[in-house]
Amino acid sequence: MKLKLDITPDLVAAMAAEVKAGEKAVTAAMREAGTGLKTAWRGQITGAGLGRRLANSIRSQTYPKAGESPNAAALVWSKAPVIVGAHDTGPLIRSKDGFWLAIPTEAAGRGLRGGKLTPGEWERRRGLRLRFVYRRRGPSLLVADRARINTRGQAVASRAKTGRNQVTAPIFLLVPQVKLPKRLELARDADRALDSVPGLIVANWVEGHIN
C-alpha cells in the first residue's frame with residue numbers, strides 16, 4: 001500500500017489561521033481573567049470598608065502588552081502591598097523598639113496627607129505636650145491637658161484664660177501589640193480566576209470561529 005500526503009496551500013493557511021486564533025483566544029482569556037481578578041479584589045476591599053483609594057491601588061496588566069501570544073500572562077498587584085497584605089493575613093503587630101504602639105483616637109485627627117500620625121508629630125502640630133497615664137486594666141494613654149474639642153471632634157490648644165471648656169483629652173491609646181483582623185480573602189478570588197482560564201480560552205476560541 002502506498003500513501004501520499006499533499007500539503008495544499010489551503011491546509012497551510014488553515015493551520016496558520018488556527019494558530020493565530022489560539023494566540024488570540026489565550027491572550028483575550030488572560031486579559032479577562034486579570035481584569036476580573038482586579039475587579040474582585042477591589043470589591044473585597046471596598047466591601048470591607050477599607051476605602052476606594054486603597055481599592056484603586058489594585059492594578060492589572062496583560063503580557064505581552066502589545067500583540068497576542070500562546071504564552072500570554074496576566075499580572076494583578078497592589079501599589080500598596082504592605083497595607084493590603086496586612087488586611088489579607090491579619091498579622092500580630094508589635095512595636096519595633098519593644099515598647100508601645102501608639103494608636104490615635106478620634107480626638108487626635110489625622111497625619112499629614114493621610115499618613116501615620118505619631119505622638120511627636122501631634123505635639124509639634126498642636127503645640128501641646130502629651131502626658132502619660134498608666135492604667136492597670138485596659139490600654140495606657142497619652143493625654144493632652146488644657147485642650148478643647150473643636151467642631152470636627154479633634155483636640156486643639158485652648159486659648160481660654162478662664163479654663164472654660166478645657167478638657168483632658170485622650171489622644172493616643174498605648175498597647176504592647178495589636179492583632180489586625182483578617183478582612184480580605186485574596187487567595188480565594190485568585191484561585192477562582194485561575195480556574196476560569198481554561199473555560200475563557202475555549203469560549204474566546206469558539207467566538208473567534210463564529211465571528
Side-chain angles (χ1 to χ4, degrees), residues 28-63 65 72-122 125-126 130 135 137-143 149-155 169-201 203:
M30 296 310 301
R31 183 180 298 110
E32 290 178 35
T35 301
L37 180 57
K38 177 182 70 175
T39 301
W41 279 4
R42 286 185 173 184
Q44 274 203 56
I45 291 171
T46 55
L50 299 175
R52 175 59 59 184
R53 183 177 180 181
L54 185 62
N56 288 341
S57 75
I58 303 298
R59 305 297 175 86
S60 67
Q61 177 64 58
T62 304
Y63 297 94
K65 293 183 178 181
L75 175 65
V76 182
W77 77 98
S78 171
K79 296 186 71 175
V82 175
I83 299 174
V84 172
H87 288 293
D88 185 43
T89 59
L92 183 65
I93 302 174
R94 295 185 175 91
S95 172
K96 293 181 179 180
D97 55 17
F99 291 100
W100 302 97
L101 287 172
I103 303 174
T105 66
E106 291 185 8
R110 298 182 179 180
L112 293 175
R113 299 179 181 178
K116 181 181 178 182
L117 180 65
T118 65
E121 179 188 346
W122 191 91
R125 290 172 59 188
R126 300 301 187 192
L130 293 171
R135 297 197 300 176
R137 295 184 179 181
S140 295
L141 306 171
L142 287 178
V143 304
I149 305 300
N150 65 15
T151 56
R152 292 183 295 177
Q154 299 176 7
I171 306 301
F172 289 91
L173 305 178
L174 299 177
V175 295
Q177 62 187 31
V178 62
K179 182 70 168 66
L180 193 67
K182 179 176 172 60
R183 304 173 72 176
L184 302 174
E185 291 286 350
L186 301 185
R188 178 195 64 198
D189 286 344
D191 289 341
R192 289 175 179 173
L194 183 62
D195 292 341
S196 73
V197 169
L200 290 173
I201 293 175

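Bear in mind that the values here come from a model prediction, so they are computed numbers and not experimental data. Quick note: numbers below take in every heavy atom, side chains included, and nothing from hydrogens, waters or symmetry partners.
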Is the shortest side-chain heavy-atom distance between [X] and [Y] below 4.5 Å?
X	Y	answer
Leu50	Ile83	no
Pro176	Leu101	no
Pro139	Leu174	no
Leu117	Phe172	yes
Leu173	Leu141	yes

Test side-chain contact (heavy atoms from CB on, under 4.5 Å) applied to Tyr63 and Met30, step by step: CA-CA 9 Å; Tyr63 297 94; Met30 296 310 301; over 6 Å; no

Side chain of [X], backbone of [Y]: donor and acceptor closer than 3.5 Å?
X	Y	value
Arg152	Ile149	no
Lys179	Pro91	no
Arg42	Ile58	yes
Ser60	Leu75	no
Thr105	Ile171	yes
Thr35	Glu32	no
Lys182	Leu184	yes
Asp189	Leu37	no
Arg183	Ala48	yes

Given side-chain contact (heavy atoms from CB on, under 4.5 Å), test Leu180 with His87 step by step and report yes or no. CA-CA 7 Å; Leu180 193 67; His87 288 293; 4.1 Å; yes

Nearest 0.5 Å please: distance from the CD atom of Gln44 over to the OG1 atom of Thr39. 12.0 Å

Hey, what do you get for CH2 (Trp100) to CZ (Arg94), rounding to the nearest 0.5 Å? 14.5 Å

Between [X] and [Y], what is the shortest heavy-atom contact and its length?
X	Y	answer
Ala80	Leu54	CB-CD1, 3.9 Å
Leu194	Pro198	O-CD, 3.8 Å
Val143	Pro170	CG1-CA, 3.9 Å
Ala107	Trp122	O-NE1, 4.4 Å
Ile45	Ala55	CG2-N, 3.6 Å
Thr46	Gly51	CG2-O, 4.1 Å

Is the CD atom of Glu106 crowded by more than 12 outside heavy atoms at less than 6.0 Å? no

Arg135, CZ atom: more than 12 neighbouring heavy atoms under 6.0 Å: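 Yes, the 6.0 Å shell around CZ holds more than 12 heavy atoms from other groups.
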
Are the charged groups of Arg192 and Asp195 less than 4.0 angstrom apart, N to O?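 No, no charged N to carboxylate O under 4.0 Å.
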
Is the closest side-chain donor-acceptor distance between Gln154 and Arg110 under 3.5 Å?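 Checked: Gln154/Arg110 side chains show no N/O donor-acceptor pair below 3.5 Å.
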
Apply the test side-chain contact (heavy atoms from CB on, under 4.5 Å) to residues Gln177 and Leu92: give CA-CA distance (whole Å), side-chain angles for both, the deciding distance (0.1 Å), then the verdict. CA-CA 7 Å; Gln177 62 187 31; Leu92 183 65; 3.9 Å; yes

